[in-house]
Number of protein chains: 2
Amino acid sequence: MSALRSLAIVPSVSRVETADEAGNPLVLRLQRLAALTAADISALEHLSLHPRRYGPRVDLIRDDVVPKDAVVVLEGFACRYQQRGNGRRQIMAYLLPGDLCDVDAAYLGRMDHAVGTLSPCLLVRIPRQALVDLIAHHPNIAHALRLAKLSEEATTREWIANLGCRSALERMAHLFCELMARSEAVGLVQDGSCPLPLTQGDLGDTLGLSNVHVNRTLQEMRRHGWVELRGKSLRLLKPKQVQRVGEFSPNYLQPTSPANVHF
Amino acid sequence: MSALRSLAIVPSVSRVETADEAGNPLVLRLQRLAALTAADISALEHLSLHPRRYGPRVDLIRDDVVPKDAVVVLEGFACRYQQRGNGRRQIMAYLLPGDLCDVDAAYLGRMDHAVGTLSPCLLVRIPRQALVDLIAHHPNIAHALRLAKLSEEATTREWIANLGCRSALERMAHLFCELMARSEAVGLVQDGSCPLPLTQGDLGDTLGLSNVHVNRTLQEMRRHGWVELRGKSLRLLKPKQVQRVGEFSPNYLQPTSPANVHF
DNA sequence: CGGCGCCTTGAGAGTAATCAACGATAGTGG
DNA sequence: CCACTATCGTTGATTACTCTCAAGGCGCCG
């Protein structure tokens, strides 16, 4: 893995700070999952050429619709969610920068859930055919996308465990650890802080808690000196303790192919 | 869909009741997802030739291990689960007859969860290579497996919604509806009853409830006259009401390709 | 027959939801 | 520039759902 990482290192002196200041998050993400050639990287960057800005709380793919293309998040947080009859909303997955939503759009029928932005976002929509071509001509990318998908599935399972057998405090600790790790993987951690552009209501809809209880749980975390929330960013002051409380282990976020498993 | 179904109908007079009395559940399952040729069906049946019996509560794939092959359930219930540090177990998916576990074993690294039987089971393990060959030579099966995977993912998301924003009674109602629908899809519903070879403890580990509360919730469902639990089978006496309470809609269980969506 | 696992019941404790109100903040329009 | 409004965060009081602990019953298998 460290071998793969070193491929990603670009001398920062020579880098121009462009629109994507920190590098293309999709490239950063997939580079952690498979070795990419220069051609692979430029193909990915080509995909991200014409992103569009979206406001917060905007639906990208509505429930019950047949999606036409995939979505890549470049900036901001989006999510998969379901609006329930009793007025409640359940968020079933976060889409962070570098995440690709519905790669197999080609095989998808009607959506059983919606996809929408949480914060303001910079997004690219990728037509079905472009995705098919990409996968056909770039086996490394295809492999990385498969692993990314496995990672998403594992994350979904982890959320089930989170909701099913942890207290409010434990759930929140686990979620914060996950967000920190995922942010780190796409270069969004600065100074030990990662972005958290969510309202307490959003957190509640994620963790199955009321916004009032989210508020009190956050206060408890602050009281323990575990976390600091300032602006829209999160800092873990005592990462080890938060991980222990949330029973967090980052393995599920970075799946490896059998070929890569040596020990 | 009804066109697909009719392909599956075999004159029952001419059928010999063999070990798999009700037909191969894997075939039944995949036939609902794609049209299969006689060659496809015989290939699937060939896979299931040498099943093995397992007792209840037996681990099939342990946590933290690199799985070597996929598993098909022919009889009984298995599950994906995670054992948590606090002594709790969270079940993250049920594997019913006809379900194929870890089709992409070829791409899987270490498991982040375990797979084990709940009830006594009849199972087949399918070596990686056999699966790769099957997919390569049977495009219809490959397609059906993709849809089955989508169905599993949708089910996992649905469980998140179940845990995150429903009461004990609602969760249980939803789960029972799902089990009934999935059983129906593989010919396991007889007389309005489907198999439910689970203990109340298993249900608790699925729904994020204590076994005591599962017991009381079951009593409430019986008191309402909604369900009947006898032997190890479940009958919905007032299916409509149970569906309403659980906000259940079966769409997520049977994904369709865009090509199949006409209306 | 004894033991074990599972189901059942009761009592009490605790966690989280709901309801209601107020404060802070940011964006909007006059 | 400031009032205005909406959204979000915070707090208190009360309710309710679910858990834990404890004990007894039932049925099955050795």
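We name chains A, B, ... by the order of the sequence lines, and we start the count at 1 in each one. As a basis for the values below, the full set of heavy atoms in this structure was taken, side chains included, without hydrogen atoms, waters or symmetry mates. Because the structure is predicted, anything quoted here is derived from the model rather than measured.
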Salt-bridge criterion met for A/Lys149 and B/Glu153 (N-O under 4.0 Å):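 Yes, A/Lys149 and B/Glu153 are salt-bridged.
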Any B/Arg166 side-chain N or O less than 4.0 Å from OP1/OP2 of D/dT18: no
Please give, in whole Å, the distance from [N] [atom2] to [X] [atom1]?
X: B/His213; N: C/dA13; atom1: NE2; atom2: P; result: 19 Å
X: A/Leu169; N: C/dG14; atom1: CG; atom2: C1'; result: 15 Å
X: A/Leu203; N: D/dT7; atom1: CG; atom2: C1'; result: 16 Å
X: A/Asp205; N: C/dA17; atom1: CG; atom2: P; result: 11 Å
X: A/Leu163; N: D/dT18; atom1: CG; atom2: P; result: 15 Å
X: B/Leu118; N: C/dC6; atom1: CG; atom2: C1'; result: 15 Å
X: A/Glu170; N: C/dT15; atom1: CD; atom2: C1'; result: 12 Å
X: B/Leu207; N: D/dC19; atom1: CG; atom2: P; result: 10 Å

Can you tell me if [X] and [Y] form a side-chain donor-acceptor pair at under 3.5 Å?
X: B/Asp59; Y: B/Tyr81; result: yes
X: A/Trp159; Y: A/Glu178; result: yes
X: B/Tyr94; Y: B/Thr155; result: no

Strictly under 3.5 Å: I want the nitrogen or oxygen pairs between protein and nucleotides 7-11 of chain C, one per line.
{"from": "C/dC7", "atom 1": "OP1", "to": "B/Gln200", "atom 2": "N", "distance (Å)": "3.4"}
{"from": "C/dC7", "atom 1": "OP2", "to": "B/Gln200", "atom 2": "N", "distance (Å)": "3.0"}
{"from": "C/dT8", "atom 1": "OP2", "to": "B/Gln200", "atom 2": "NE2", "distance (Å)": "2.7"}
{"from": "C/dT8", "atom 1": "OP2", "to": "B/Asn215", "atom 2": "ND2", "distance (Å)": "2.7"}
{"from": "C/dT8", "atom 1": "O5'", "to": "B/Asn215", "atom 2": "ND2", "distance (Å)": "3.2"}
{"from": "C/dT9", "atom 1": "OP2", "to": "B/Gln219", "atom 2": "OE1", "distance (Å)": "2.7"}
{"from": "C/dT9", "atom 1": "OP2", "to": "B/Gln219", "atom 2": "NE2", "distance (Å)": "2.8"}
{"from": "C/dG10", "atom 1": "N7", "to": "B/Arg216", "atom 2": "NH2", "distance (Å)": "2.3"}

Residue among A/Cys194, A/Ser233, A/Ser193, A/Pro195 satisfying side-chain contact (heavy atoms from CB on, under 4.5 Å) with A/Leu188: A/Pro195
More than 12 heavy atoms from other groups under 6.0 Å of CZ on B/Arg222: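 Enclosed.
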B/Asn86, CG: over 12 other non-hydrogen atoms inside 6.0 angstrom: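 Yes, the 6.0 Å shell around CG holds more than 12 heavy atoms from other groups.
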Touch class at under 4.0 angstrom, heavy-atom based, for B/Gly204 against every strand present: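 Nothing, no nucleic acid heavy atom in range.
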Sugar-phosphate only, base, or nothing, as touched by B/Arg171 at under 4.0 Å among non-hydrogen atoms: nothing
